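Model, not experiment: these values are computed from the prediction.
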Amino acid sequence: MMNYTVRDDFQEALAKNLVIVVLGVLINSINWIIVMTYLNNYVFHTDTRYILYIHLVINDMIMVSISVTLYVLTYAYPIFNVSICCTLTVIASTTHKITPLNLAGMAYERYIAICKPLHHGQICTVHRTYILIGLIWWVGFIPGLADIVILLITKPMSFFSTTIFCYPLILYKSEYYQVKTKVFQALYLSFVWLILIFTYFRILAVAKKAKGDSSAKKAHNTIMLHGVQLFLCMLSYVSPVLDMILVPFFPNDRSKITFFSYLITSIVPRLLSSLIYGIRDQTFSKRMSIYCSCKLIIVKVKPQRKLYPGLSTQ
């Protein structure tokens with residue numbers, strides 16, 4: 001997230017942290033409205049598509065919270081306990097990997113709904129959806145767990161009570177970590193892209209056969225949207241490459257480069273990803289607007305009751 005060998009001056013550090021914290025709060029506030037809309041409308045609780053969508057939103061909230069916390073800590077209190085650092089990095093790593101896997105699950109659900117409509121009710125049940133979410137978390141957690149196991153094997157137990165600059169490349173300082181990270185990212189991103197491409201072309205074929213079927217066309221557009229969301233998620237993998245390309249040309253601006261790289265590739269995509277899907281879905285966006293309107297009415301009514309305490313309802 002930042003260059004740990006060069007420290008910014010106070011004003012620059014304050015400005016960067018304010019931007020990151022404000023955006024983090026904004027993203028989580030919007031996502032919180034989405035979550036509350038889901039919780040207050042039972043109709044979404046039995047629909048596989050919305051269950052997977054709200055899981056995506058909640059995962060992004062966790063990831064943004066951890067990411068922003070780690071960013072602020074690198075300035076405010078960069079050196080802290082190894083055990084706490086391990087916990088934060090594992091959570092950040094897990095949530096980061098869950099998003100593409102969840103998008104693959106959402107794409108496959110749309111494929112079943114359009115290409116196998118008679119079996120959709122039997123295959124995409126609420127119970128199976130929660131099992132899928134559990135599997136997604138387990139797959140996302142395995143790489144982080146492997147890193148901790150390697151640390152337990154290669155380091156003495158006293159290492160976990162020491163302090164360290166909380167950065168993965170420093171915490172897991174080994175060739176294994178870099179090789180494992182590259183191999184796993186290549187494998188699971190290839191798996192996700194294969195699912196998206198497969199479902200896209202199968203739904204496209206159905207849409208061409210049923211020209212008047214609006215649901216097939218919507219599903220086709222939805223898969224394209226998942227591709228855009230996945231591309232936004234993959235921007236975080238571009239960040240190190242951008243740093244490697246730009247820093248040699250502008251060595252004095254290394255801190256600014258890493259900041260804007262982190263902002264553009266890790267924070268901004270989280271603002272767009274879940275919001276685009278929620279607004280595009282007419283059923284969900286309508287319920288969300290009703291929920292927000294009700295909240296605004298409640299907020300406006302409460303002060304009026306305080307202004308006229310002597311009035312009573314009859």
[X], [atom1] atom: more than 12 neighbouring heavy atoms under 6.0 Å:
{"X": "Tyr50", "atom1": "OH", "answer": "yes"}
{"X": "Phe201", "atom1": "CZ", "answer": "no"}
{"X": "Phe191", "atom1": "CZ", "answer": "no"}

Cluster link [X] to [Y], ILVMFWY, side chain under 4.5 Å:
{"X": "Val22", "Y": "Ile267", "value": "no"}
{"X": "Val68", "Y": "Trp32", "value": "yes"}
{"X": "Val57", "Y": "Tyr130", "value": "yes"}

Ring centroids only, cut at 6.0 angstrom: are Tyr53 and Phe284 within range, meaning strictly under it?
yes
Close aromatic pair by centroid cut-off 6.0 Å: Tyr111 and Phe198:
yes
What one should report as the nearest heavy-atom pair of Ile123 and Ile112 is CG2-CD1, 3.7 Å
Which pairs would a plain distance check flag for residues 134-142, meaning a side-chain donor or acceptor within less than 3.5 Å of a matching protein atom at least two apart in sequence or in another chain?
residue	atom	partner	partner atom	Å
Trp137	NE1	His55	NE2	2.7

Are the side chain of Ser67 and the backbone of Met63 linked by a donor-acceptor contact shorter than 3.5 Å?
no
Is Thr99 reaching over with its side chain to a backbone N or O of His96, donor-acceptor style, under 3.5 angstrom?
no
Can you see whether Asn28 engages Ser65 through a side-chain donor-acceptor pair at a distance of less than 3.5 angstrom?
yes
Classify the ring geometry of Tyr38 against His45: parallel below 30°, tilted from 30° to 60°, perpendicular beyond 60°.
tilted
